[in-house]
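Since the structure is predicted, the reported quantities are computational estimates derived from the model, not experimental observations. Reminder, nothing fancy here: chain letters follow the sequence lines and each chain counts from 1. Quick note: numbers below take in every heavy atom, side chains included, and nothing from hydrogens, waters or symmetry partners.
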Number of protein chains: 2
Amino acid sequence: MSQATVSAVINGRAASSRIPAETERLVKDTIRELGYAANPAARSLKGKGNRLLGVHTFEAVFPISSRDFYHGFLIGVEEQAVAEGYDLVLFTSTEDDNGERRLYRDGTNRLNVADGSVLLGITHDHSDVARLSRDGYPFVHIGRRAVSGADIAWVSADYTAGTRDAVQDLIDAGHTRIGYLGLTDRTEPLADREAGYRAACAAAGIPPLPVLMNPHDLEQEWFDLAIGSGITAFVAEEESLTDRIAAFAAHRALRIPADLSVVTLRDTSGGPYPGTPWSSLGIPRNAIGRAAVRLLVETLHEPDTPRPRQLLLACAPPAPSTVAAPPTRQGVS
Amino acid sequence: MSQATVSAVINGRAASSRIPAETERLVKDTIRELGYAANPAARSLKGKGNRLLGVHTFEAVFPISSRDFYHGFLIGVEEQAVAEGYDLVLFTSTEDDNGERRLYRDGTNRLNVADGSVLLGITHDHSDVARLSRDGYPFVHIGRRAVSGADIAWVSADYTAGTRDAVQDLIDAGHTRIGYLGLTDRTEPLADREAGYRAACAAAGIPPLPVLMNPHDLEQEWFDLAIGSGITAFVAEEESLTDRIAAFAAHRALRIPADLSVVTLRDTSGGPYPGTPWSSLGIPRNAIGRAAVRLLVETLHEPDTPRPRQLLLACAPPAPSTVAAPPTRQGVS
DNA sequence: ATGAAAGCGCTAACAA
DNA sequence: TTGTTAGCGCTTTCAT
């Protein structure tokens, strides 16, 4: 009984290697008795992979801790990893001295310990991702990421369609002047939302009214002007923005949604009043996480099979909690 | 410039290998330029370790998902792993056909991919753990685990002292007949709690009144008997048990804690009434998780340094929400 | 049907 | 100061 025989048995190649059933049983029994366990490092050195999937978050978060934007994705990633029989590596150690999470550090690409990785989070430094792609390392990004010169695999919510439909609903409800509130930081997912807004406006022939500002720069004066100009609904990229609106509206005794409709484009638990959650675009985090892992594993198993490398998953439409028909204008009706 | 030179530079042995600073810079620059990354499988084959710490949960839970008993431990584990510069492997794939999570499966000990592992959860099958210990694999168990013939490293809350003190507080409040409610399943952590209860009773010279039953076997009749026998306080191992007590007490119009004091020995978010949480023993989950990783990493770095391999961390004493002085008996005062 | 041997990419001892 | 070389434990091809 040689090394080769044992290897064949362990790898289920007993039959194809024409090893007699008796020998196979003997090997298995001996393995059990001795407590032998194949060294994963050695087999992975031989190019067999180690059934490890990495998870890398660009922002410095503890992936496990719950109250986090990324947590929902992670659950999906984990569920699918279990289903595929992979274990998960949480890359938590990749923070460099500047507090940024890097993929490469002093020559060692940490991700390499895993057969493939799921990347999530925003980074403005696309160079690491580009390099990863150049190096041929298998990865899937959660969230659309455009990196010039590289065909990045990603899975994202369809923010464009989701926003378009949400704005369309406002239009259907009778709104004709709909404000769009965006952050100054234009990452892909935010640009997608804005594009959806513009598409809906264009289709309905109403004017796009986008404002890109950081929440703390928004002033009551700006709000009063907007309302004065006839805006009856706001669509905002984030809760931090809608929260400002809620405050401004309260100052002017405007009720949400009776006097003003508000939709946020990232799902939240908060709302303008206790018990009233914001109407918000639902992000299918779990499904995205699962899809990312599925895509990654497929790529790992059959690298050469052509397959779509970018996946868009539909958003859940906003509940109508802070959306209503525009108020009937006094003196107009 | 040879392989050895590069290796020395990467491993920070440039100085000790007396490699000129110029060569070192050249190597580093080239590394950066080429995007070279040392193969972690190969270095770990060479016995260098791969800075991966495993996390294995015996119960079939998704380690990441939050509302879980284990989540608090996991956060601690993760925080300390980050601090020590290790990445985490979540072993999610170790479920066998019977739905049990095994350490060994068809000859391959999955844990071996990580330099060491943190184990958590209850298993009645100690054989895997015993074998792991015999094989010399470095691991730390979260929760006390007694495995005959093996000196298991573990970190646990000091349930014995915590329970003792909690019962002592009841005694100090004037209770002299204190019921103990336990599950029929006697795992180490539960046995520890019971021991603490018995110790407090013995010290105060009051009778220990333990009852071991599953929640659904507890009947109103039993409760009435207990109250009739003069019991004025219950200490229970779990919320499922105190919930039964709350129901029984409600049937007899007994108020908690005015008529009956109740303490649970595992922290919970629930309580007998909305807004009233159970007085419960606080488990320092985060600290336990951190301590486990610290112990594991110490063992990894200095296997031969003698150190305590079992750690007990103090519990937080119960808040007084469902604890009060016993009612003054009618006709006695 | 089984065994011998090469080599995966690295590290470290040693030779030059 | 740098290069050569022998493994680490496994898989796999080829010879027996």
Side-chain angles (χ1 to χ4, degrees), chain A residues 1-31 34-52 104-116 135-138 300-301 303, chain B residues 1-31 34-52 104-116 135-138 300-301 303:
Chain A
M1 187 170 58
S2 73
Q3 241 188 96
T5 312
V6 176
S7 176
V9 170
I10 286 184
N11 289 290
R13 285 186 295 98
S16 63
S17 298
R18 283 175 293 175
I19 286 172
E22 197 195 343
T23 307
E24 183 177 357
R25 281 228 321 114
L26 175 63
V27 170
K28 281 190 170 164
D29 287 352
T30 313
I31 280 176
L34 261 44
Y36 172 78
N39 181 329
R43 31 168 48 191
S44 115
L45 183 55
K46 261 302 184 182
K48 304 289 296 181
N50 51 14
R51 293 198 85 79
L52 246 32
Y104 291 82
R105 193 174 38 174
D106 45 56
T108 302
N109 170 5
R110 272 307 278 168
L111 299 202
N112 260 334
V113 288
D115 295 346
D135 289 356
Y137 182 83
L300 253 28
H301 291 176
Chain B
M1 186 171 56
S2 72
Q3 240 188 95
T5 311
V6 176
S7 175
V9 170
I10 285 184
N11 290 287
R13 284 186 295 97
S16 62
S17 298
R18 285 173 293 176
I19 287 171
E22 197 195 342
T23 308
E24 182 177 356
R25 281 228 321 113
L26 175 62
V27 170
K28 282 190 169 164
D29 287 351
T30 313
I31 280 177
L34 262 42
Y36 172 78
N39 180 330
R43 31 166 50 190
S44 112
L45 185 55
K46 260 302 188 183
K48 303 290 295 180
N50 52 13
R51 291 198 89 78
L52 246 33
Y104 291 84
R105 193 174 40 173
D106 45 56
T108 303
N109 169 5
R110 271 308 276 168
L111 299 202
N112 262 333
V113 288
D115 294 347
D135 290 357
Y137 182 82
L300 254 28
H301 291 176

Can you check whether [X] reaches [Y] side chain to side chain, under 4.5 Å on heavy atoms?
X: L45(A); Y: N39(B); result: yes
X: I10(A); Y: R43(A); result: yes
X: V9(B); Y: R25(B); result: no
X: N50(B); Y: D115(B); result: yes
X: E22(A); Y: V27(A); result: no

* Report yes if at least one side-chain N or O of T23(A) is closer than 4.0 Å to OP1 or OP2 of dT2(C); otherwise report no. =>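 Yes, such a contact exists.
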
* Distance below 4.0 Å between T5(A) side-chain N/O and dA1(C) OP1 or OP2 ->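 Indeed not, no polar side-chain atom of T5(A) lies that close.
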
* Can you give one letter per nucleotide of nucleotides 6-16 of chain C, 5' to 3': B if a protein heavy atom sits under 4.0 Å from the base, S if only from the sugar-phosphate, - if neither? -> -BBBBBB----

